[in-house]
Amino acid sequence: MNIHADDRQRVVIHHPDLPWIPSPEPGVERRMLARQGDEVAKATSIVRYRPGSRFPAHHHGLGEEIFVLDGTFSDERGHYPAGTYIMNPPGSSHAPFSDEGCTLFVKLRHLGPDQVVREVIDTTTAPWHQGLVPGLQVMPLMQQGLGSTLVKWAPQTYFNPHRHWGGEEIFVVAGVFEDEHGR
């Protein structure tokens, strides 16, 4: 299955317009934003765990990143409330569940060999740093190699024209993001 698999194409998705697709486990559903492959895939999704749902222990050969949007996500290592970022490195495994239910932003099978140590960041307390222009703040999430970053824009903040030669993926958590292509 390929969904928005051509990285050379610009795609804008309003994820609440997408249907929830059942996963192999009852009570866990996905909104597929991008996917290259079938059940084991390089994928970006919004994942919803209904209260009491779980996934059996499974392996992440090429790692995963999780950002908890709401509720509490759990695995055998702990409980992670909204605002938690988790990077499970290539070769890791876990048995995730949610007692109260949760919604996650998840990226699978895209990490490299320089991302080897599991990372967990509470973004509600981690520091913000000054960005490249006034009004822009950044919070690097992945501390190993190149990786995800939270960005906070003050109203009326403008960034310099630039290119992303390797592409760019933006997920708007709150507010409205605008560029020369639209809102």
inquiry  = If the condition is ring-ring contact (aromatic ring centres under 6.0 Å, His included), which residues does Phe159 pass it with, not counting sequence neighbours?
reply    = His162
ask   = With sequence neighbours left out, what residues match His129 under ring-ring contact (aromatic ring centres under 6.0 Å, His included)?
value = none
query = Leu104 and Cys102: which non-hydrogen atoms are nearest, and at how many Å?
reply = CD2-SG, 3.9 Å
Taking side-chain hydrogen bond (donor to acceptor under 3.5 Å, both in side chains) as the test, write out the residues that go with [X], two or more places apart.
X: Arg183; value: Glu178
X: Glu119; value: Gln144
X: His181; value: none
X: Thr103; value: Asp70

query = Measuring from Glu65:CD to Asn88:CG, what's the distance to the nearest 0.5 Å?
reply = 10.0 Å
Qualifying residues under salt bridge (charged side-chain N to carboxylate O under 4.0 Å, His left out), relative to Asp179, sequence neighbours excluded = Arg10
inquiry  = Please enumerate all residues that pass salt bridge (charged side-chain N to carboxylate O under 4.0 Å, His left out) together with Arg48, with sequence neighbours excluded.
reply    = Glu29
query = Run the side chain to side chain donor-acceptor pair (under 3.5 Å) check on His94 and Glu64 step by step: do they pass?
reply = CA-CA 11 Å; His94 67 152; Glu64 74 174 340; 2.8 Å; yes
Could I get the full list of side chain to side chain contact (heavy atoms under 4.5 Å, CB included) partners for [X], not counting sequence neighbours?
X: Pro22; value: none
X: Ala57; value: Ala95
X: Thr149; value: Val138, Val151

Inter- and intrachain pairs under ring-ring contact (aromatic ring centres under 6.0 Å, His included), touching residues 68-87, at least two apart = Tyr49-Phe73
